[in-house]
Amino acid sequence: MPQPSKPASKPVRRPAFALGRRISTAEFLGIAGLVFAGLAILWTLVTEGGLIRALFLPSPLQVLARLGELWNSGQLMTDMGVSIYRITFGFIVSTIVAMPIGILIGSYRRWEAAIEPFVDFIRYMPVVAFVPLTILWAGTGDVQKLLIIFIGTFFQQVLLIMDNVKSVPRDFINLGRTLQMPQWRILQRIVLPSAWPAIWDSLRISLGWAWTWLVVAELVAATSGLGYRITTAQRFFQTDLIFGYLLILGLLGLATDQVMKWAGRKLFRYLDVR
């Protein structure tokens, strides 16, 4: 006798905002694009409708027109090139110096006791307070800007990398000892590969801080760069120029952050990082 067929089960629909739910790259870009488009439309309506005076908030068309003038004159490219050079060189130097120190104090408690308290002590000193000192030490050239970037990122990087290394599970290290691997081998083959994804994220975060400190240095003592142009525009109440350069800074920061995220996905694709 044939058995009655069971009704087909309905597919379970997960809510749109379920915890941990992943979305496609196209959906991610679409949502991000809609947010930026909505803000641009709101900005246009507020300014073109006369709700806020152009002196306080210029319209997007004014800002784009000013950026077009600067692009045609070559000034925008020059300022961008100077700032990109400073941020790249300063961040690389800071990372090269901070990486071995962070790994060292994250791996050995005695080195942590010798170095970490001093690094933590300097970390709480405001970077802005070092600006006049760096001008005194290095003048107003590129070395001073690089020094500000170094001070603003180095101490943070050391502590972040230390925490990344210390977060490696002890069981991994004990496994290496069980296999009678030497200390340097455990560090090379077990600790560092386990910590690299977290270290990369820490570098991505500190790169954002580097942009902030670069602008601070250029705002106070500079003759070129994006921060310098903002300071010059402030003196003459050129708010369209200020907003234009702020947008450029935001786009450059967003671009470098996305490049770091993309590189992280490629380097550590076995983690399926998104």
Side-chain angles (χ1 to χ4, degrees), residues 25-26 28-92 127-128 131 140-142 144-146 148-149 152-153 204-263:
T25 302
F28 181 91
L29 294 176
I31 294 173
L34 287 175
V35 171
F36 278 98
L39 292 174
I41 292 172
L42 179 62
W43 182 10
T44 303
L45 293 176
V46 169
T47 53
E48 294 295 335
L51 298 178
I52 300 178
R53 292 174 57 189
L55 177 63
F56 302 105
L57 181 63
S59 69
L61 297 179
Q62 288 179 277
V63 173
L64 291 176
R66 176 53 68 93
L67 288 178
E69 295 174 4
L70 296 172
W71 177 271
N72 294 330
S73 66
Q75 180 178 306
L76 178 58
M77 286 299 297
T78 301
D79 291 332
M80 287 175 57
V82 169
S83 293
I84 291 173
Y85 154 72
R86 289 169 177 165
I87 196 73
T88 302
F89 191 79
F91 181 73
I92 289 175
V127 179
V128 178
V131 172
T140 59
D142 282 344
Q144 186 264 342
K145 311 299 179 293
L146 302 178
I148 287 294
I149 296 173
T153 57
R204 181 171 65 87
I205 294 171
S206 60
L207 179 58
W209 295 334
W211 276 107
T212 302
W213 302 129
L214 168 72
V215 174
V216 168
E218 291 182 341
L219 284 173
V220 176
T223 57
S224 61
L226 298 173
Y228 167 73
R229 298 300 173 189
I230 292 175
T231 304
T232 305
Q234 177 188 358
R235 297 171 185 167
F236 300 98
F237 297 99
Q238 297 173 326
T239 50
D240 53 349
L241 180 58
I242 295 174
F243 272 90
Y245 270 72
L246 286 175
L247 290 177
I248 294 298
L249 284 168
L251 289 174
L252 290 174
L254 178 62
T256 53
D257 185 77
Q258 293 303 310
V259 168
M260 291 285 286
K261 289 178 69 174
W262 174 84

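All values reported here derive from a predicted model rather than from experimental measurement.
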Donor-acceptor pair, [X] side chain versus [Y] backbone, under 3.5 Å?
{"X": "Asp257", "Y": "Gly253", "value": "no"}
{"X": "Thr88", "Y": "Tyr85", "value": "no"}
{"X": "Ser83", "Y": "Met80", "value": "no"}
{"X": "Trp213", "Y": "Gly152", "value": "yes"}
{"X": "Lys145", "Y": "Thr140", "value": "yes"}

Once rounded to the nearest 0.5 Å, what's the spacing between atom [atom1] of [X] and atom [atom2] of [Y]?
{"X": "Ile87", "Y": "Thr256", "atom1": "CD1", "atom2": "OG1", "answer": "8.0 Å"}
{"X": "Leu45", "Y": "Ser59", "atom1": "CG", "atom2": "OG", "answer": "11.5 Å"}
{"X": "Leu214", "Y": "Leu226", "atom1": "CG", "atom2": "CG", "answer": "7.5 Å"}
{"X": "Leu70", "Y": "Leu76", "atom1": "CG", "atom2": "CG", "answer": "6.0 Å"}
{"X": "Leu219", "Y": "Arg229", "atom1": "CG", "atom2": "CZ", "answer": "13.0 Å"}
{"X": "Arg204", "Y": "Gln258", "atom1": "CZ", "atom2": "CD", "answer": "8.0 Å"}

Worksheet item: Do any pairs count as a salt bridge (charged side-chain N to carboxylate O under 4.0 Å, His left out) and have a residue in residues 40-49, sequence neighbours left out, and if so which ones?
Response: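 For residues 40-49: none.
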Discussion item. Tell me which pairs pass salt bridge (charged side-chain N to carboxylate O under 4.0 Å, His left out) where either residue lies in residues 215-225, with sequence neighbours left out.
Written reply: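 Sorted result for residues 215-225: Arg86-Glu218.
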Taking side chain as C-beta onward, heavy atoms only, is [X] less than 4.5 Å from [Y]?
{"X": "Pro60", "Y": "Thr47", "answer": "yes"}
{"X": "Leu146", "Y": "Phe89", "answer": "yes"}
{"X": "Val63", "Y": "Trp43", "answer": "yes"}
{"X": "Trp71", "Y": "Leu67", "answer": "no"}
{"X": "Trp209", "Y": "Ile149", "answer": "no"}
{"X": "Val131", "Y": "Val216", "answer": "yes"}

Practice prompt. Applying side chain to side chain contact (heavy atoms under 4.5 Å, CB included), name anything that partners Leu64, two or more places apart in sequence or on another chain.
Written response: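 Result, side chain to side chain contact (heavy atoms under 4.5 Å, CB included) vs Leu64: none returned.
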Practice prompt. Applying side chain to side chain contact (heavy atoms under 4.5 Å, CB included), name anything that partners Phe237, two or more places apart in sequence or on another chain.
Written response: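 Only Leu55 meet the side chain to side chain contact (heavy atoms under 4.5 Å, CB included) criterion with Phe237.
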Fill in: Phe56/Thr239 under side-chain contact (heavy atoms from CB on, under 4.5 Å): CA gap, chis, key distance, verdict
CA-CA 7 Å; Phe56 302 105; Thr239 50; over 6 Å; no
Discussion item. Could you walk me through whether Ile84 and Leu252 satisfy the side-chain contact (heavy atoms from CB on, under 4.5 Å) test, starting with their C-alpha distance in whole Å, then the side-chain angles of each, then the deciding distance to 0.1 Å, before giving a yes or no?
Written reply: CA-CA 9 Å; Ile84 291 173; Leu252 290 174; 4.1 Å; yes
Discussion item. Restricting to salt bridge (Lys or Arg N to Asp or Glu O under 4.0 Å), what partner residues turn up for Arg66, sequence neighbours left out?
Written reply: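 Scan of Arg66 (salt bridge (Lys or Arg N to Asp or Glu O under 4.0 Å), adjacent residues dropped) gives Glu69, Asp240.
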For residues 241-249, dump all side-chain donor-acceptor pairs below 3.5 Å to protein atoms at least two apart in sequence or in another chain.
| residue | atom | partner | partner atom | Å |
| --- | --- | --- | --- | --- |
| Tyr245 | OH | Asp79 | OD2 | 2.8 |

